[in-house]
Amino acid sequence: MLARLSANEYGYAALQEQWLQCHSDSYSHIEGFVNMSLVVMKFGGTSVADLECIRNVAGRIEEERASGNDLVVAVSAMAGTTNNLVEYASGFARIPDGPEYDTVISAGEQITSGLLALALQQRGIPARSWLAWQIPIETDEAHTKARISNIDSSKLEACLANGQVPVVAGFQGLSPDGRVTTLGRGGSDTSAVALAAALGAVRCDIFTDVEGVYTSDPRIVSQARKLEKITYEEMLEMASLGAKVLQTRSVELAMNQSVRLQVRSSFKSLPGTMVVNEDEILEKQVVSGIAYSRDEAKITLVDVRDRPGVAAAIFGPLAKANVNVDMIVQSTAANGKSTDITFTVAKNDFERALEVINSSGEKLKFGDLLTDQTLVKISVIGVGMRSHAGVAKKMFETLAEKGINVHVISTSEIKISVLIAEEYTELALRALHTAYDLEAG
Ligand code: ADP
Ligand code: ASP
Ligand code: MG
């Protein structure tokens, strides 16, 4: 069965058409292919950190079930488990083999899905665990950051029709050659959104250890304010710039598939933050939030020849090795012959990036290679920036007043990012939060 997901994620209108035809009988009662009584609930690591937390989650599920909704649940590993598994898997090779690495690091979600199904059964709620390969949730073969290509929803639908609550192990996928894949750190958010899209759920609730999406990380900026709503676009920038409350891909998918997404607390029964279309927010903030990311590794190639094709010789092989490059700065060639090129990659791509650069041989000559892993990227984000000048000026002035040096700058239509020394993270976040008046709302 072809799910709505594969039709839209890659923009194949024909596939979507085919899906609509396949489902026109079974879904003829459902307006716009949304099952008004189906909700996907996803619980993150801290929400299932121990047996007591898992009992609490079972209680939240029971409450939601009492309101008459059908539920599909997705779970992360217990807090800290995936980190331990990563450490184990990294113990054998500097760059571990993808399929085996994924086999190890995906194991935490198997445990939680089973435990939560048991906790639900203990409350008299019929439930069963599902691993990704059993559904299956199909992905490409990009181990450690696989993309979902298709979800066959038929077994989950049968499980629901049986009156059971399916508890799906998030983060996991199945590659075309039958191996376990993982969706990138924080990937169970994406599992949940993909399930919501495939099943036509009316809402996808991401339950976590904070009450919603805040103007900045509430664990660092105590003045941060919970947002009632945030646009998909802003949330996408916030997530990709480090606000790990949602995995970037989950937001991308929710936006493409029009999944109604809510971030809310596992521990308090309160409304959270809704991620919505821009036209649902009347008054647009110039700056809605400030994000930070410590996951930055800076690489500088000194004395690179200044001629056509050099950038392609650097970034082509990196792309081929599946290394995402973020910020790029090229200085002007003062002597007309050579230049310096600086770029950043995620820390877990750092070793691979160096290997690619160092093995480029004759095609890429450079004088020296400098690296720095002690930097943090701070970003201010807001759709209102499109129509307001002066946001960058305020950022640079605020940082200058605190004596913080800016190493690299990058901008887009709705964000400005700077790379600064890691030790100034808290100072910069708090100063910018005040400068943009975010506590006042
Ligand atoms: P989970 O284990 O539930 O997936 P995560 O740790 O992945 O939870 O995400 C929740 C965390 O995201 C919060 O504890 C918070 O510290 C962090 N965070 C960062 N930026 C923000 C933000 N702008 N709003 C809310 N939380 C944020
Ligand atoms: N357990 C995985 C991780 O820690 C996936 C997730 O939590 O979403 O990255
Ligand atoms: Mg998470």
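As the structure is a prediction and not an experimental result, all values here were calculated from the model. We count ligands from 1, going down the list as the structure has it; atoms in each ligand are counted the same way. For this chain, numbers begin at 1 and follow the sequence in order.
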>> Below 4.0 Å, non-hydrogen atoms only: which portion of S188 touches ligand 1? Side chain, backbone, both or neither.
In response: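 Under 4.0 Å from ligand 1, S188 contributes no heavy atoms.
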>> One residue to check: R219. Relative to ligand 1, which of side chain, backbone, both or neither has a non-hydrogen atom less than 4.0 Å away?
In response: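 The answer is the side chain of R219.
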Is there at least one pair of N or O atoms, one from [X] and one from ligand 1, spaced under 3.5 Å apart?
X: K42; result: yes
X: G45; result: yes
X: D209; result: yes

Are [X] and [Y] close enough that a side-chain donor and a side-chain acceptor fall under 3.5 Å?
X: T231; Y: E234; result: yes
X: D295; Y: S293; result: no
X: D102; Y: T181; result: no

> Heavy-atom contact under 4.0 Å between S216 and ligand 1?
Replying inline: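 Right, S216 reaches ligand 1.
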>> Taking S250's backbone N and O only, do any of them form a donor-acceptor pair with T190's side chain (distance below 3.5 Å, no angle check)?
In response: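 Yes, because the side chain of T190 sits within donor-acceptor range (under 3.5 Å) of the backbone of S250.
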> To which of G212, A243, S76 does the heavy atom nearest atom 25 (C) of ligand 1 belong?
Replying inline: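 Nearest heavy atom to atom 25 (C) of ligand 1 lies in G212.
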> Should one rank T208, I220, T273, D217 by closest heavy-atom distance to atom 21 (C) of ligand 1, which comes out on top?
Replying inline: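 Selected option, by shortest heavy-atom distance: D217.
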> If you count the atoms of ligand 1 from 1 in the order shown, which ones are under 4.0 Å from a heavy atom of V213?
Replying inline: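 Near V213, meaning under 4.0 Å from one of its heavy atoms, ligand 1 has 24 (N).
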> For atom 7 (O) of ligand 1, what's the nearest protein heavy atom and its distance?
Replying inline: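 Atom 7 (O) of ligand 1 sits closest to the protein heavy atom K244 O, 3.3 Å.
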>> Given a heavy-atom cut-off of 4.0 Å, could you list the residues near ligand 2 in chain and number order?
In response: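 The answer is S76, A77, T82, E109, F171, R185, G186, G187, S188, counting any residue whose heavy atom sits under 4.0 Å from ligand 2.
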> Around K402, counting heavy atoms of other residues, nucleotides and ligands shown, do more than 12 lie under 6.0 Å from its NZ?
Replying inline: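 Counting other residues, nucleotides and ligands, NZ of K402 stays at 12 neighbours or fewer.
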> What do you reckon, is CD of Q122 surrounded by more than 12 foreign heavy atoms closer than 6.0 Å?
Replying inline: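 Open: at most 12 neighbouring heavy atoms sit under 6.0 Å from CD of Q122.
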> How would you list all residue pairs meeting side-chain hydrogen bond (donor to acceptor under 3.5 Å, both in side chains) that involve residues 103-120, not counting sequence neighbours?
Replying inline: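 Sorted result for residues 103-120: empty, none.
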